[in-house]
Amino acid sequence: MVMADKITGFPPFFDGESKVLILGSFPSVKSRAQSFYYGNPQNAFWRILSIFFKEDKPLTSEEKKAFLKKHGIALWDIVTECEIVGSRDETIKNFKVANLQEVLQNSSVSCILVNGGRAYSIFCKHYGGIDTPYFKLPSTSPANARRNDDEWYAALRRAFDRT
């Protein structure tokens, strides 16, 4: 049996002013090609954030980073290394879990928004007892046809009301 090579995700994006951590599962193939989070233009992530903050959608990685810093948003994935088929979360195996203390101890994060069911199940298994409030949100992936953006807007309001 041939073992697939493990793929490494991105380091956390945050600074000391980050107030809300948005935690995904693992970067998609298109995100990995762009070397930054939520790189698939069909993913609703950047559209939802830009509508919420009433700003133009950032297009380049540099614009995305400036947008995140401006709004106090940290990004990371609960899986930092894994074997995966394409971008399909359900195929994630032999994975390494993120050390969230790296972000929580070096930022002002007071709320975690977990993007998608697989990310949430892994998060709960490893961090379910965490003191920082966290909320499960529907995946912004284009594969999630049943996503309700209103759930995201409500969660963003809750998260930023805490900061």
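The figures that follow rest on heavy atoms only: side chains count, while hydrogens, waters and symmetry mates do not.
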Fill in: Worked check of side-chain contact (heavy atoms from CB on, under 4.5 Å) between Trp152 and Ile22
CA-CA 11 Å; Trp152 267 90; Ile22 300 177; 4.0 Å; yes
Heavy-atom closest contact ([X] atom, [Y] atom, distance):
X	Y	answer
Pro138	Glu151	CD-OE1, 3.6 Å
Ser110	Pro133	O-CD, 3.4 Å
Ser31	Phe10	O-CZ, 3.4 Å
Ala74	Phe14	CB-CB, 3.5 Å

Discussion item. Less than 6.0 angstrom separating the ring centers of Tyr37 and Phe13, yes or no?
Written reply: no
Pairwise side-chain contact, [X] with [Y], heavy-atom cut-off 4.5 Å (strictly under):
X	Y	value
Gln42	Lys30	no
Lys65	Phe36	yes
Phe52	Phe160	yes
Lys6	Lys96	no

Item to complete: In sequence, state the C-alpha distance, the side-chain angles, and the governing distance for Thr132 and Leu100, and then conclude on side-chain contact (heavy atoms from CB on, under 4.5 Å).
Response: CA-CA 11 Å; Thr132 306; Leu100 296 185; over 6 Å; no
State the [atom1]-[atom2] distance between [X] and [Y], to the nearest 0.5 angstrom.
X	Y	atom1	atom2	result
Asn148	Tyr153	CG	OH	9.5 Å
Asn43	Asn115	CG	CG	7.0 Å
Ile48	Thr140	CD1	OG1	6.0 Å
Leu49	Lys57	CG	NZ	11.0 Å
Thr8	Arg32	OG1	CZ	10.5 Å
Ile73	Ser107	CD1	OG	13.0 Å

Discussion item. Can you confirm whether Glu17 is buried at CD, in the sense that more than 12 heavy atoms of other residues, nucleotides or ligands lie under 6.0 Å from that atom?
Written reply: no
Item to complete: Show your reasoning for whether side-chain contact (heavy atoms from CB on, under 4.5 Å) applies to Ile78 and His126.
Response: CA-CA 9 Å; Ile78 191 65; His126 297 274; 5.6 Å; no
Worksheet item: Honestly curious: do Phe53 and Leu21 fall in one hydrophobic cluster under the side-chain, below-4.5 Å linking rule?
Response: yes
Worksheet item: Going hydrophobic residue to hydrophobic residue with side-chain gaps under 4.5 angstrom, can you get from Leu113 over to Ile130?
Response: yes
Quick one: does [X]'s side chain have a donor or acceptor within less than 3.5 Å of a partner on [Y]'s backbone?
X	Y	answer
Tyr134	Tyr120	no
Asp77	Val79	no
Ser25	Ala119	no

Item to complete: Indicate the ring-plane relationship of Phe45 and Tyr38, choosing parallel, tilted or perpendicular according to the 30° and 60° boundaries.
Response: parallel
Discussion item. Is there a side-chain contact (heavy atoms from CB on, under 4.5 Å) between Phe95 and Phe26? Walk through the geometry before answering.
Written reply: CA-CA 10 Å; Phe95 58 87; Phe26 192 75; over 6 Å; no
